[in-house]
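The structure appears right after this line, and notes come after that.
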Amino acid sequence: AARFLEEEELRSQQILEQLDAHIEVLKMESERTVKQFT
Amino acid sequence: KALEEMRSHYIKAVGKIKGDMLRYIHESKERAAEMIRTEVLRERQETARRMRK
Amino acid sequence: KALEEMRSHYIKAVGKIKGDMLRYIHESKERAAEMIRTEVLRERQETARRMRK
């Protein structure tokens, strides 16, 4: 049981890191687009 | 200019999605913890019953 | 043009988020099912032990 919860904690941290990574990519790519067209 | 606005608009939108996902993940962790708490409780009652017999 | 490119960046990011979330949710379902399976098994063994006594 405790192991299950620990794993849940780990999985939720992993998924959040993944989401943040996607947001970072969007920020960089969109930044590049803005620079390209200004 | 307009592009910058669009960019910040999209970045805000994914931020909101992330917030929704955060809430969902938090709730599912709560549910899992609740499920385990009831499980442990049932075990204890079961054992107590057995001890009495 | 620029807006199109911006929009495709956004669509791509949202798609990746969706993919990760679907995987996460699927995994949670698998783990919950696994936990219940082991639980039922333990119950059966427990009952079998009691029957023998």
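Naming: A, B, ... by sequence-line order, numbering from 1 per chain.
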| said: Please classify the contact of B:L3 with chain C as side chain, backbone, both or neither, using a heavy-atom distance under 4.5 Å. | reply: both
| said: More than 12 heavy atoms of other residues, nucleotides or ligands under 6.0 Å from CZ of B:R42: yes or no? | reply: yes
| For B:I11, is it the side chain, the backbone, both, or neither that has a heavy atom closer than 4.5 Å to a heavy atom of chain C? | neither
| field | Note, C:M35 side chain near B:E39 side chain (heavy atom, < 4.5 Å) | value | no
| said: Please classify the contact between C:M6 and chain B as side chain, backbone, both or neither, with a heavy-atom cut-off of under 4.5 Å. | reply: both
| field | Residue pair B:R50 / C:R50, side-chain heavy-atom distance below 4.5 Å | value | yes
| message | Can you tell me which portion of B:E5 sits under 4.5 Å from chain C's heavy atoms? Options are side chain, backbone, both or neither. | response | neither
| Considering only heavy atoms from C-beta outward, does the side chain of C:M21 approach that of B:Y24 to under 4.5 Å? | yes
